[in-house]
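Comments concern the structure below.
Note that these values count all heavy atoms, side chains included, but never hydrogens, waters or copies made by symmetry. On a predicted model such as this, the values are computed, not experimentally measured, just so you know. Position 1 is the first residue of the sequence; numbering continues from there.
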Amino acid sequence: MDTTALVTALVITSIACAGIIAIGARFLLAPRAAMFGFGVAPDSLRALTQIKGVRDITSGVVLLVVWIAAGHVVLGWVLIAATLTPATDAAIVIANGGKLTTALGVHALTAALLLGAGLVLALG
């Protein structure tokens, strides 16, 4: 691959990463506007569950692709980064009056397992 194409692809990727982070932040900070911007009504539970479902499936597929393409060390670092999802899921459950047992027994436990496995794979 020539240098120009590589740099162009990396710039586009960097912009896409920043953009998706900004979109995620918008869903946290201005959920109604974000839902409208997404193209669905803000009170559409079905749309929210479909959005979450697709993102969870994508998260699993991305981890498999990283493992296959880059090996266990890179997978470990990606797992460490992915710990953010279940850790914040636990906080979201607690902040929204959900069951503490679910927050800790499902989400926090998942975060701990991802972190532990990630550290073993990345540093082991």
Side-chain angles (χ1 to χ4, degrees):
M1 177 181 302
D2 75 52
T3 304
T4 303
L6 178 62
V7 169
T8 301
L10 289 172
V11 167
I12 291 169
T13 300
S14 298
I15 292 167
C17 289
I20 199 66
I21 290 168
I23 289 168
R26 184 178 187 203
F27 268 90
L28 293 174
L29 301 172
R32 291 186 62 76
M35 288 293 287
F36 277 125
F38 190 83
V40 296
D43 60 349
S44 176
L45 179 60
R46 182 69 182 146
L48 284 173
T49 58
Q50 289 172 330
I51 291 166
K52 182 183 178 348
V54 168
R55 277 151 186 74
D56 284 354
I57 291 167
T58 300
S59 295
V61 170
V62 167
L63 292 173
L64 291 173
V65 169
V66 167
W67 185 10
I68 291 165
H72 72 276
V73 173
V74 175
L75 174 62
W77 289 111
V78 173
L79 285 173
I80 291 166
T83 300
L84 180 63
T85 299
T88 56
D89 286 349
I92 290 166
V93 169
I94 292 167
N96 286 281
K99 292 182 179 180
L100 183 61
T101 55
T102 302
L104 299 177
V106 175
H107 304 295
L109 178 60
T110 299
L113 291 171
L114 286 179
L115 181 61
L119 287 169
V120 168
L121 293 170
L123 305 174

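Hydrophobic clustering of Ile, Leu, Val, Met, Phe, Trp and Tyr side chains at less than 4.5 Å, counting indirect connections, unites Val62 with Leu64. Linking Ile, Leu, Val, Met, Phe, Trp and Tyr residues whenever their side-chain heavy atoms come within less than 4.5 Å places Leu10 and Met1 in a single cluster. A continuous path of ILVMFWY side-chain contacts below 4.5 Å connects Val74 to Trp67, so both sit in one hydrophobic cluster. Neither Leu113 nor Val120 shares a network with the other; the hydrophobic side chains, linked directly or stepwise wherever heavy atoms of I, L, V, M, F, W or Y lie under 4.5 Å apart, form separate groups for each.
To the nearest 0.5 Å, atoms CG (Leu115) and CG (Leu84) are separated by 12.0 Å. Atom CD1 of Ile15 is separated from atom CD1 of Ile20 by 14.0 Å, given to the nearest 0.5 angstrom. Rounded to the nearest 0.5 angstrom, Thr85 OG1 and Arg55 CZ are separated by 12.0 Å. Note that CG of Asp89 and CG of Asp56 are 7.5 Å apart. Values are rounded to the nearest 0.5 Å.
Residues Ala82 and Leu114 approach most closely at O-CD1, 4.1 Å, considering heavy atoms. For the residue pair Arg26 and Gly37, the shortest heavy atom distance occurs at NH1-CA, 4.3 Å. Between Ala47 and Val40, the shortest heavy-atom contact is CB-CG2, 3.7 Å. In this structure, His72 and Leu121 approach most closely via the heavy-atom pair O-CB, 3.4 Å. Taking both residues in full, the closest heavy atoms of Ile51 and Met35 are given as CD1-SD, 4.4 Å, listed atom of the first, atom of the second, then distance. Contact detail for Leu79 and Gly118: the closest heavy-atom pair is CB-CA, 3.9 Å.
Put simply, the side chain of Asp2 gets close to the backbone of Thr4: a donor and an acceptor are under 3.5 Å apart.
A heavy-atom distance below 4.5 Å is not found between the side chains of Leu109 and Leu104. In this structure, the side chains of Val93 and Lys99 stay at 4.5 Å or more apart for every pair of heavy atoms.
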